[in-house]
Amino acid sequence: MQNVPYHADVVAFGRAICKARGGEYELACEHAHSCCILLARHDRFRVDGRWHTHIDYDRFQEVGV
């Protein structure tokens with residue numbers, strides 16, 4: 001675990017990416033326990049102030065296989 005960054009570091013890095021992209025992306029979701037974040041384009045996936053980033057895994061398997 002010595003090479004795993006802290007969640008706060010991952011969030012800061014993600015926000016820096018969003019800023020570098022000129023605000024095109026935003027932090028849509030985070031999960032502190034797994035140290036994961038989701039960056040998404042706000043113009044496509046944020047509708048009326050709410051994120052629509054659900055993944056339909058069954059459909060994903062159908063088209064991805």
*asked:* Test side-chain contact (heavy atoms from CB on, under 4.5 Å) on R50 and D48; report intermediate values, then the result.
replied: CA-CA 6 Å; R50 186 168 179 210; D48 296 327; 5.7 Å; no

*Interatomic spacing from CG in L39 to CZ in R15 - rounded to 0.5 Å*: 10.5 Å

*Taking all non-hydrogen atoms of both residues, which atom of C18 and which atom of L27 are closest, and how far apart?*
SG-N, 4.1 Å

*Would you give the length of the straight line joining atom OH of Y25 to atom CZ of R21, rounded to the nearest 0.5 angstrom?*
5.5 Å

*Closest non-hydrogen atom pair between R41 and D43, with its separation*: NH2-OD2, 2.7 Å

Which atom pairs, donor and acceptor, lie under 3.5 Å between side-chain atoms of residues 3-13 and protein residues at least two apart or in another chain?
| unit_1 | atom_1 | unit_2 | atom_2 | d |
| --- | --- | --- | --- | --- |
| H7 | NE2 | E30 | OE1 | 2.5 |

*What are the two closest heavy atoms between I37 and G14, and how far apart are they?*
CD1-CA, 3.6 Å

*Just how far is it from atom NE2 of H52 to atom CZ of R46, taken to the nearest 0.5 Å?*
10.5 Å

*Hey, could you give me the CD/NZ distance between E26 and K19, rounded to the nearest 0.5 Å?*
14.5 Å

*Could you walk me through whether H42 and W51 pass side-chain contact (heavy atoms from CB on, under 4.5 Å), step by step?*
CA-CA 8 Å; H42 62 86; W51 288 104; 3.9 Å; yes

